[in-house]
Amino acid sequence: MTATFLGTPAFPEAAKRALQDTQLRANLAHATATIRSKRAVVVGERPDWEELRLAGEALKDQVLRHLDTYLVQLEEKVTAAGGTVHWARDAAEANRIVVDLVRATGETEVVKVKSMATQETDLNGALETAGISAWETDLAELIVQLGHDQPSHILVPAIHRNRAEIREIFLAEMGKVGEPAPPDLPAEPRALAEAARRHLRQKFLRAKVGISGANFAVAETGSLVVVESEGNGRMCLTLPETLISVVGIEKVVPTFADLEVFLQLLPRSSTGERMNPYTSIWTGVTPGDGPQAFHLVLVDNGRTTSLADPVGRQALRCIRCSACLNVCPVYERTGGHAYGSVYPGPIGAILTPQLRGIESEIDKSLPYASSLCGACFEVCPVRIDIPEVLVHLRARVVDAERGGVPSAEELAMRSAAWMFGDHRRLESAQRAAGLGGRLFRRGRIGRLPFPFSKWTDARDAPVPPAESFRAWWRRTRGTRR
Amino acid sequence: MAAYSRDPAVSAREEVLGRIRAALADVPPDDEVPIPRNHQRTAPPDVDVAHLFAERVADYRATVHRVPAGEVAATVAAALAQHGVRRVVVPADLPPEWLAASEAEVVRDDGSLSASALDALDGVVTAAAVGIAETGTIVLDGGTAQGRRALSLVPDTHLCVVRTDQVVGTVPEGVARLDPVRPLTWISGPSATSDIELQRVEGVHGPRTLVVLLVD
Ligand code: SF4
């Protein structure tokens with residue numbers, strides 16, 4: 001079963017709490033504004049950006065619509081190159097496979113490079129239960145792990161921590177699990193990064209087992225791709241004797257040449273760089289170079305449920321760049337934790353309810369965690385129409401409550417109470433109402449379900465503004481495209 | 001979440017593939033998504049590719065030296081000395097003349113050096129397979145004079161020699177030159193992190209110093 005952060009309240013409740021945390025809001029606002037402007041510069045540099053997006057969208061759609069064929073091809077190529085492919089129906093099965101593989105090596109510790117898939121399955125928890133220590137090696141993941149915390153952003157999971165907090169965590173925790181931080185450690189990014197380097201160095205050098213995810217898996221050749229910045233990925237992929245890569249079944253791309261599209265879309269959208277510092281691509285096992293045992297674990301864990309929904313399946317195109325988080329006004333104000341899942345922000349609002357279903361209160365409320373402003377679609381490198389999927393999922397939530405009208409009403413009231421409980425949120429709602437009205441007329445996203453339909457009523461939400469929310473956001477926040 | 005059937009006779013592979021086929025029931029068998037490939041493949045004709053490469057690599061705060069072939073040895077020697085590299089590891093097939101002028105102790109990799117042994121060395125000199133100008137990227141593929149991946153990873157200073165005829169304009173041109181069967185490492189500047197308050201710090205786990213020699 002997919003990990004739900006324990007005790008996570010439904011989105012409006014969690015959002016309300018986060019809104020009170022001024023430190024979190026300040027960190028988030030600074031971080032998202034910084035990445036937004038970096039992204040805008042490097043995206044603006046590419047005259048063919050829209051062509052790249054269209055190619056990326058089509059390539060991913062082609063894979064998803066023939067996923068069985070591409071996965072079988074991938075399996076064949078990985079196997080031919082000396083790797084072993086495992087299949088997992090759900091998180092528990094994926095974790096069991098990995099635990100068994102690690103046990104077979106006789107090792108009791110592994111080094112890990114940041115992977116959304118293993119966060120989703122809570123692999124670290126499963127390894128710990130099995131008596132295996134899993135060391136997270138991304139600086140941000142290390143901060144999260146040492147702080148006994150949850151990630152709050154796909155790309156910068158410790159975005160909610162500032163330098164003083166990180167220093168405290170390093171001083172208190174590093175010594176418990178390895179090389180301690182120097183007692184005179186200054187709260188300065190360079191010194192903190194140096195402490196992380198020293199702390200992890202011995203772990204890398206002695207590691208016998210590495211665990212990774214993958215950004216892409218090439219069906220044509222069986223090659224896997226990991227995109228990173230710090231070099232911890234290279235350490236985990238190169239130095240151990242055994243490498244285990246846990247990969248969602250939707251990560252496939254058709255051919256090696258197609259990487260020319262994704263290796264442009266991803267770094268520019270994600271970190272706002274022309275290229276990230278390191279990209280590793282490997283195919284099975286290479287004699288005399290790197291791990292001599294390679295395992296690929298292909299994970300479903302709800303993806304086929306999303307695939308079965310012709311509207312919702314576009315969420316599986318996601319390449320986890322996090323651009324949609326950085327432009328989302330709701331995310332910026334609430335932070336990642338409010339979404340109660342490893343996938344926060346707009347992508348989380350459409351992916352989590354599809355992967356986990358809409359049974360729980362938090363998952364039911366996620367499709368409402370948006371003002372439908374459309375900024376997420378505009379920045380998405382694979383053109384996922386997030387507002388369309390949100391509206392579609394809201395309809396499903398309402399349908400699921402069929403026969404329980406009071407419950408749907410309650411949902412509406414809760415959502416409305418949250419939106420109208422703060423003047424800024426109210427303004428968002430009013431602007432969204434203007435947009436909602438237009439969307440309604442154009443019919444682009446179809447029927448706006450109750451309770452969102454209330455926003456289209458001019459009596460409830462005053463006169464639509466002359467400027468659309470999207471235009472306002474772009475003007476005031478400096479995002480382009 | 002949907003309750004999955006757990007028929008022990010059905011393997012996870014068969015079940016996942018079966019679910020995928022069931023999920024795609026709406027997709028006609030002859031379905032084929034047209035892929036628009038209208039993005040740029042080459043740099044505009046007026047771009048000096050070698051110049052752009054040098055500029056973009058330098059943007060990442062790597063050091064770039066553009067030198068004629070006759071000056072490689074002197075430049076390597078000076079760069080190693082400048083970065084305090086006293087013991088340098090090189091792939092077994094690195095041209096010996098590249099290090100002819102250096103006073104650093106040279107360790108030729110025979111494949112037996114452990115990660116800890118590599119960690120005790122100060123630097124590494126390698127060649128490259130491809131350079132990509134527009135992104136300032138160097139790609140190593142384990143081919144001639146590049147060695148295994150650990151060599152260019154563990155020592156703290158990486159000096160990489162790229163010939164101008166290895167430099168292409170764009171990412172599509174770079175991908176087209178690469179052999180996917182080889183282990184590929186794309187390097188765009190020294191290792192870096194922005195994980196603390198989004199402030200960029202060069203140098204985390206990979207080499208903290210990257211020096212590129214672009215040889216005409
Ligand atoms: S939905 Fe699009 S913008 Fe958001 S993380 Fe995924 S690929 Fe990036």
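Worth knowing before you read on, the calculation uses all heavy atoms, side chains too, and leaves out hydrogens, waters and symmetry mates. As the structure is a computational prediction, the values presented were derived from the model and not from experiment.
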Is [X] in contact with chain A via its backbone, its side chain, both, or neither, using a 4.5 Å heavy-atom distance?
| X | value |
| --- | --- |
| B/Leu178 | both |
| B/Asp141 | neither |
| B/Ser152 | both |
| B/Val181 | backbone |
| B/Val139 | neither |
| B/Ala176 | neither |

Side-chain donor or acceptor of [X] paired with backbone N/O of [Y] under 3.5 Å:
| X | Y | result |
| --- | --- | --- |
| B/Arg149 | A/Thr238 | no |
| A/Tyr278 | B/Thr185 | no |
| A/Glu260 | B/Val171 | no |
| B/Asn38 | A/Glu51 | no |

Within-4.5 Å side-chain heavy-atom neighbours: [X] and [Y]:
| X | Y | value |
| --- | --- | --- |
| A/Thr286 | B/Arg182 | no |
| B/Val201 | A/Glu230 | no |
| A/Pro47 | B/Gln40 | yes |
| B/Glu15 | A/Trp87 | no |
| A/Arg89 | B/Arg19 | yes |
| A/Leu307 | B/Leu24 | yes |
| A/Thr34 | B/Arg200 | no |

(message) What I want to find out is whether B/Asp195 reaches A/Lys114 closely enough, with some N-O distance under 4.0 Å, to be called a salt bridge.
(response)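 Result for this pair is no, no salt bridge flagged.
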
Examine whether an atom of [X] lies under 4.5 Å from a heavy atom of chain B, and if so say whether it belongs to the side chain, the backbone or both; otherwise answer neither.
| X | answer |
| --- | --- |
| A/Leu237 | backbone |
| A/Leu64 | backbone |
| A/Arg268 | side chain |
| A/Glu273 | side chain |
| A/Leu71 | side chain |
| A/Asn276 | backbone |
| A/Val261 | side chain |
| A/Ile166 | side chain |
| A/His66 | both |
| A/Thr137 | backbone |
| A/Glu228 | neither |
| A/Ala88 | backbone |
| A/Glu75 | side chain |
| A/Arg206 | neither |

If you measure from [atom1] on [X] to [atom2] on [Y], what distance do you get to the nearest 0.5 Å?
| X | Y | atom1 | atom2 | answer |
| --- | --- | --- | --- | --- |
| A/Gln62 | B/Asp31 | CD | CG | 7.0 Å |
| A/Leu139 | B/Ile196 | CG | CD1 | 4.5 Å |
| A/Tyr70 | B/Ile20 | OH | CD1 | 13.5 Å |
| A/Leu200 | B/His205 | CG | NE2 | 5.0 Å |
| A/Leu67 | B/Leu17 | CG | CG | 8.5 Å |
| A/Ile281 | B/Asp179 | CD1 | CG | 11.0 Å |

If you count heavy-atom pairs under 4.5 Å with chain A, which of [options] comes out on top?
| options | result |
| --- | --- |
| B/Gly174, B/Pro172, B/Ala115, B/Ala25 | B/Pro172 |
| B/Pro36, B/Pro34, B/Gly18 | B/Pro36 |
| B/Arg37, B/Arg148, B/His39 | B/His39 |

Closest non-hydrogen atom pair between [X] and [Y], with its separation:
| X | Y | value |
| --- | --- | --- |
| B/Pro207 | A/Arg234 | CD-NH1, 4.2 Å |
| B/Pro28 | A/Arg65 | CD-NH2, 4.3 Å |
| B/Val175 | A/Ala257 | CG1-CA, 3.9 Å |
| B/Glu134 | A/Arg46 | OE1-NH1, 2.7 Å |
| A/Met275 | B/Trp186 | CE-CZ3, 3.8 Å |
| A/Thr221 | B/Pro180 | CG2-CG, 3.7 Å |

(message) When you compare the side chains of A/Arg163 and B/Gln199, does any donor N or O come within less than 3.5 Å of an acceptor on the partner?
(response)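 Indeed, the side chains of A/Arg163 and B/Gln199 share at least one donor-acceptor pair under 3.5 Å.
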
(request) Check step by step if side-chain contact (heavy atoms from CB on, under 4.5 Å) holds for A/Leu239 and B/Val154. (result) CA-CA 9 Å; A/Leu239 297 184; B/Val154 180; 4.1 Å; yes

(message) More than 12 heavy atoms of other residues, nucleotides or ligands under 6.0 Å from NE2 of A/His30: yes or no?
(response) yes

(message) Surrounding NZ of A/Lys77 (heavy atoms of other residues, nucleotides or ligands, distance under 6.0 Å), is the total greater than 12?
(response)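 Count not over threshold, so no.
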
